[in-house]
Amino acid sequence: MNMLEHWLYDATGLLLTPVIATLVALGAFALVMFGGFLREGLERRASRPAPARSATPMAPLAHLLAQHEAPGMLGRFAREARSAADDPRRLAEVATRCELEATRRVSRLNLVARAGPTLGLMATLIPMGPALMALADNDVSGLARSLVVAFTATVCGLLVGLLCATMGTVRRHWYAADLTLVDELLERAEALPR
């Protein structure tokens with residue numbers, strides 16, 4: 001092994017600890033997010049709002065604002081829009097903030113869904129160098145230790161990616177439905193005579 005190859009081998013070996021630490025942190029993040037995801041899912045199931053039927057165009061908005069404990073973006077919109085219920089422009093600003101928050105939440109999950117498997121692959125490939133060196137030296141215990149780290153990291157990275165991708169997809173659908181209802185209500189509010 002020449003000097004450059006030796007330097008590269010040592011440099012990648014130094015990456016193993018930060019990669020595994022980051023993978024563990026992403027795993028903890030995914031578990032915390034999964035707990036919040038389950039809570040939001042149960043809240044959504046328990047508080048499915050019945051559509052309000054009324055002759056007045058603003059009755060659905062009043063009904064929505066009365067449900068400020070609704071989960072997801074509907075609840076957030078209802079909480080923030082109570083003070084702006086008479087001003088369609090301020091309602092639109094609140095809706096835009098809710099849309100940005102929904103995008104941020106889903107984007108964060110999508111980022112972790114991609115980063116988890118990538119870090120898992122890195123933590124798989126880094127120990128393979130020492131594993132091959134141990135194999136060349138007939139060191140079976142060193143080979144086994146390196147392979148255990150490699151395959152465990154792969155499973156953890158894939159699990160993090162699967163959890164976050166699933167939560168991101170479901171939340172994207174939830175928030176799209178919430179924001180569609182908010183947009184319909186805003187259109188009704190803007191159509192009212194001033």
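This structure is a prediction, so every number in the text was calculated from the model and none was measured.
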* **Contact summary for Asp178 and Arg44, nearest pair of heavy atoms** => OD2-NH2, 2.6 Å
* Please assess Leu181 against Glu184 for the test side chain to side chain contact (heavy atoms under 4.5 Å, CB included), listing each intermediate value before the final yes or no. => CA-CA 5 Å; Leu181 178 59; Glu184 289 173 9; 4.2 Å; yes
* Structure fact -> When every non-hydrogen atom of Ala123 is compared with those of Pro127, the smallest separation belongs to O-CD, 2.9 Å
* Salt-bridge present (Arg97, Glu101; N to O < 4.0 Å) -> no
* Asked: Phe34 and Met167: which non-hydrogen atoms are nearest, and at how many Å?
  -> CA-SD, 3.4 Å
* Identify the two heavy atoms, one from Ala131 and one from Ser146, that lie closest to each other, and give their separation to 0.1 Å. => CB-CB, 3.5 Å
* To do: Give the intermediate values and the outcome of side chain to side chain contact (heavy atoms under 4.5 Å, CB included) for residues Met128 and Leu147.
  => CA-CA 7 Å; Met128 294 305 271; Leu147 291 179; 3.7 Å; yes
* ILVMFWY network linking Leu143 to Met133, side-chain heavy atoms under 4.5 angstrom -> no
* Look up atom CZ in Arg105 and atom CD in Glu40, then write down how far apart they are to the nearest 0.5 Å. => 6.5 Å
* Trace of the side chain to side chain contact (heavy atoms under 4.5 Å, CB included) decision for Phe29 with Met33 -> CA-CA 6 Å; Phe29 170 82; Met33 293 302 290; 3.4 Å; yes
* Among Leu109, Leu159, Leu26, find the one that has a side-chain contact (heavy atoms from CB on, under 4.5 Å) with Cys164. => Leu109
* Interatomic distance, Glu93 atom CD to Thr96 atom OG1 [nearest 0.5 angstrom] -> 7.5 Å
* Asked: For the hydrophobic clusters of this structure (ILVMFWY residues joined by side-chain heavy atoms under 4.5 Å, transitively), does one cluster hold both Leu38 and Tyr175?
  -> yes
* Under a single-linkage definition using a 4.5 Å side-chain heavy-atom cutoff for Ile, Leu, Val, Met, Phe, Trp and Tyr, are Leu121 and Val160 assigned to the same hydrophobic cluster? -> no
* Heavy-atom distance under 4.5 Å between the side chains of Arg172 and Thr169, does that happen here? -> yes
* Structure fact -> Correct closest heavy-atom pair for Leu119 and Val19 would be O-CG1, 3.5 Å
* Could you state whether Leu15 and Ile20 fall into the same hydrophobic cluster, counting links through intermediate Ile, Leu, Val, Met, Phe, Trp or Tyr residues with side-chain heavy atoms under 4.5 angstrom apart? => yes
* **Close side-chain approach of Arg114 and Asn110, heavy atoms under 4.5 Å** => yes
* With rounding to the nearest 0.5 Å, note down the distance linking OG1 in Thr12 to CH2 in Trp7. => 9.5 Å
Do any side-chain atoms of residues 149-157 form donor-acceptor pairs under 3.5 angstrom with protein atoms, and if so which ones, sequence neighbours left out?
residue: Thr152; atom: OG1; partner: Val148; partner atom: O; Å: 2.7
residue: Thr154; atom: OG1; partner: Thr124; partner atom: OG1; Å: 2.2
residue: Thr154; atom: OG1; partner: Ala150; partner atom: O; Å: 3.0

